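Have a look at the structure below before the remarks.
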Amino acid sequence: MVGSVPVGGDAPVSVQSMTTTVTADVNATLQQIAELTASGCQIVRVAVPSQDDADALPIIARKSQIPVIADIHFQPKYVFAAIEAGCAAVRVNPGNIKKFDDKVGEIAKAASDHGVPIRIGVNAGSLDPRLLQKYGKATPEALVESALWECSLFEEHGFRDIKISVKHNDPVVMINAYRLLAEQCDYPLHLGVTEAGPAFQGTIKSAVAFGALLAEGIGDTIRVSLSAPPVEEVKVGTQILESLGLRERGLEIVSCPSCGRAQVDVYTLAERVQAGLEGLKVPLRVAVMGCVVNGPGEAREADLGVASGNGKGQIFVKGEVIKTVPESQIVETLIEEALRMAEEMGVDPEGDGPEVTVG
Ligand code: SF4
């Protein structure tokens, strides 16, 4: 468990992100946590590089709607502060905490007394110098040895409430590191491709790496690292889980790539439908198809769909054509029908009703 969120074993894979605010700025941090929560983030991590940040932890941990993990580098004293502050977990980076090994006994006792799990977060960029020397660079073996070495120190003190991450910016190295780790231990694993890059590149790297590992049953929590606002990380992480069938699909737009047979501007149509349905939290598959070749088949398979052609759109609901509308009315008709179906599912289109999306 991380706070109220079950982690490990048969628990669903959960989505994490990390705030980008100065943690000591309590209002800004809580505001960002609220935005992350609204976007589907289930666990949030906050950086604790200074005493001011550590001092802000009690109020942040108390007021956050989702469990807060304190991210500690360099200073073991902040680990104790985070545990005392009521944080749901603490992430430590063995490569960065000064004299960390000497403090493990005390940390294990404090964490155990408060029921706080510890994430041992090894990062290629800050690998323990001893292992860097031994392996020459941050190989999968080096990352795993570093993590398991730190685990063994905690285990010597009888502490096993541990989660591990072994992040690397290269998805291939990262995948191999996690595979190796999964072979060698039973601890829950937090997946991440570190410094994955700007949104497009980072999304691809994370989707490829998480997809490979999660399909093998490896990974319990995920964080997509993007050089973009953290809400984007949550959207991508959620989409990855939905794509893998690890989370019930929410609103899904199935649109064709268009081709020489298209009789309508599919890109614009799909974008307008997506924009019109943004924020609608229902498990609804909406097909937007450009012609009458594959269009009717896909539109029929979806909950709601359109097959366009000859300046018109055949509107499908649950496999049946319910009407044919002029091209200019396709978007509004699809949106109307989607809202009507959402209402039938008990969702208030204005946003006050129950969310149907599960996760
Ligand atoms: S649905 Fe029609 S327009 Fe779209 S890709 Fe298929 S054949 Fe081309």
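Just so you know, ligand 1 is whichever comes first in the structure, and atom 1 is the first atom listed for that ligand. Given the structure is predicted, the values throughout are model-derived calculations rather than measurements.
Not one N/O/S atom of C259, from backbone or side chain, sits under 2.8 Å from atom 2 (Fe) of ligand 1. Backbone or side-chain N, O or S atoms of C291 do not reach atom 4 (Fe) of ligand 1 at under 2.8 Å.
Distances below 4.0 Å separate heavy atoms of A262 from the following atoms of ligand 1: 3 (S). Set against the non-hydrogen atoms of M289, the atoms of ligand 1 under 4.0 Å away are 1 (S).
In summary, of the residues considered (E343, E344, E336), a side-chain hydrogen bond (donor to acceptor under 3.5 Å, both in side chains) with R340 occurs for E344 alone.
Counting only N and O atoms by type, the side chains of E278 and Q274 include no donor and acceptor under 3.5 Å apart. For the residue pair S126 / N93, a side-chain donor-acceptor distance below 3.5 Å is found, with atom types taken as modelled. Defined by atom type and a distance below 3.5 Å, a donor-acceptor pair is present between the side-chain atoms of R119 and S165.
Scanning all protein heavy atoms for the shortest distance to atom 6 (Fe) of ligand 1 gives N294 ND2, 3.5 Å. The protein heavy atom nearest to atom 4 (Fe) of ligand 1 is C256 SG, 2.3 Å. Of all protein heavy atoms, the one closest to atom 7 (S) of ligand 1 is R261 NE, 3.4 Å.
Ionic pairing of K318 and D303 is present here: one or more N-O contacts between side-chain nitrogen and carboxylate oxygen are shorter than 4.0 angstrom.
Of the possible donor and acceptor atoms, one in the side chain of S206 sits under 3.5 Å from a partner among the backbone N and O of G202.
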